[in-house]
Amino acid sequence: MITLRNVSKQYPTRGGMRTVLDDINLTIRHGEKLGILGRNGSGKSTLIRLIGGAEKPSSGTVTRGMRVSWPLALISGFGGSLSGRDSLRLVCRLYGVDYTDKVGFVLDFTELGRYFDEPVQSYSHGMMARLAFAVSMVIDFDCYLIDEVVAVGDATFTERCNHELFGQRGHKAMVIVSHSDAFIRQHCDHAAVLVDGRLHTFDTNDQAFDFYQASLQVTAA
Amino acid sequence: MSTFRQGLRIQLRVLHALMLREMLTRYGRHNVGFLWLFLEPMMFTLAVVALWTAVGMHKGVGISIVAFGITGYSTIMLWRNMPGRAIGAIPPNASLLTHRPVQMFDVFAARILLEAIGATVSFAVLSFGAWMLGLMHGPEDVLKVLGGWLLLAWFSFAISLWLGAASELSSIVYKLWAPVSYIFIPLSGAVFLVEALPPVGQEVVLLMPVVHCVELIRDGYFGSLFHAYYSIGYVLVFNTVLTLFAMAQLRSLSRKGLQP
């Protein structure tokens with residue numbers, strides 16, 4: 001279980017402190033699939049990073065009773081001069097996993113071939129995305145943080161990602177940030193909406209989407 | 001005990017991973033690659049020692065100019081290069097920090113330790129090489145050399161961590177470190193013996209822990225040829241206080257987090 005208790009996050013700006021997240025309370029249970037909705041800049045990514053531990057709250061506490069992934073991303077941010085193999089090795093070393101068991105899967109998933117030993121900066125966007133995703137699948141987590149990842153890429157890639165994530169790891173907990181209605185409805189049990197730094201959690205996707213639409217109307221008016 | 005040991009194991013694993021990555025991103029696999037790690041400080045030191053020899057500095061004092069130069073300039077490579085790598089270390093490594101085993105301390109420590117290893121290997125190779133070539137004598141007391149070097153490495157580690165963390169909170173640190181460290185080169189004890197200074201000057205330079213360390217290292221090498229001035233206690237206290245400051249600075253930085 002992951003618990004956020006009275007979590008707030010502030011960043012200093014020229015105009016003083018800006019509150020990105022305000023008194024957030026959230027619980028994520030084993031196997032739970034939670035969608036997070038919110039406009040651009042509403043703090044969705046910050047929330048994900050707080051859950052993952054890449055960011056520490058300004059106040060409040062985050063307790064993690066399960067192993068939480070890093071926010072899955074489409075680029076492998078380990079430095080362009082590293083090869084795909086180096087990136088895989090690095091992640092395996094960081095998490096204390098045997099690298100030799102994982103090479104086969106990554107080579108197979110990414111179809112990088114001889115590019116696996118070329119620097120990542122020579123990769124196309126597609127190759128980069130496949131590598132980053134495959135490397136994320138190498139470490140076993142109880143909860144995956146997914147930030148708009150799987151919606152990008154060609155159909156085959158999306159399908160294979162979906163298979164790995166929602167097929168093979170379908171019993172894991174997930175926190176999914178997406179702008180795609182269909183994606184959230186398909187994969188999440190329920191959703192929460194971030195508006196003005198506050199998190200509104202709902203029991204169903206429909207309620208969350210209704211509230212989200214209404215909040216957009218209010219700000220537009 | 002077991003959680004402490006587990007924590008330590010993770011720490012070492014992460015440091016190992018980050019140092020290997022740092023070597024690859026910095027030196028790549030081309031040419032002599034990671035050999036640059038210690039070739040670079042070696043070339044600096046060699047060039048300066050060659051220059052001093054050519055100019056004929058310290059002729060007639062009885063201390064070999066090669067020994068004086070290597071023991072002196074190598075220390076500069078240590079305390080000046082380590083902070084240089086720590087300052088601004090976080091932004092290019094921001095993506096690593098999304099991995100929970102990786103803490104800001106690890107990012108700094110990996111860079112700083114790598115730099116320390118480079119300077120240490122450079123010092124060891126140069127002094128051993130010069131000794132074998134008969135350009136200088138071997139150390140009279142290896143323990144003093146080792147002690148002085150370790151104290152200086154500790155000082156450099158602490159100040160690097162402090163400046164590295166501070167540089168994320170204020171960009172002034174970037175701008176100031178280059179000129180300030182430049183001014184400290186002639187004051188650091190690398191280019192003089194404390195005994196050669198007037199008493200007032202001695203008091204002033206001995207405020208700097210680096211000077212104590214350099215004197216201790218030289219005492220270990222050729223202590224019979226001059227009177228060394230140092231207080232190990234002073235350096236220990238100074239280093240401890242500096243380390244606490246560095247930890248506090250790092251703590252406030254990691255509380256604040258990265259700007260999105």
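Only this structure's heavy atoms are used, side chains among them; waters, hydrogens and symmetry mates stay out. Naming convention: chains lettered A, B, ... in sequence-line order (proteins, then strands); numbering from 1 in each chain.
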| Of the backbone (N, CA, C, O) and the side chain (C-beta and beyond), which part of Val102(B) lies under 4.5 Å from a heavy atom of chain A, both, or neither? |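 It is the side chain, since no backbone atom gets that close.
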
| task | Would you mind checking which part of Leu20(B) comes under 4.5 Å of any heavy atom in chain A, side chain (CB onward), backbone (N, CA, C, O), both or neither? | result |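 For Leu20(B), side-chain heavy atoms alone lie under 4.5 Å from chain A.
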
| message | Which residues pass the side-chain hydrogen bond (donor to acceptor under 3.5 Å, both in side chains) test with Ser83(A), not counting sequence neighbours? | response |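 In terms of side-chain hydrogen bond (donor to acceptor under 3.5 Å, both in side chains), with neighbours along the sequence ignored, Ser83(A) is linked to Asp86(A).
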
| Proximity breakdown for Pro57(A) and chain B, heavy-atom pairs closer than 4.5 Å |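 Only the backbone of Pro57(A) comes within 4.5 Å of chain B.
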
| message | Once you measure the plane-to-plane angle for Phe238(B) and Phe155(B), does it fall in the parallel (<30°), tilted (30-60°) or perpendicular (>60°) bin? | response |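 Aromatic pair Phe238(B)/Phe155(B) classed tilted.
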
| query | Do Ser74(B) and Trp149(B) get their side chains close enough for a donor-acceptor pair, meaning under 3.5 Å? | reply |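 Checked: Ser74(B)/Trp149(B) side chains show no N/O donor-acceptor pair below 3.5 Å.
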
| Option that, when pairs with chain A are counted at under 4.5 Å, heavy atom only, ranks first among Leu15(B), Ile10(B), Thr25(B) |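 Sorted descending by pairs with chain A, the first entry is Thr25(B).
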
| message | A quick test of your reading: do over 12 heavy atoms of other residues, nucleotides or ligands sit less than 6.0 Å from OH of Tyr234(B)? | response |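 It does: Tyr234(B) OH has more than 12 such atoms within range.
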
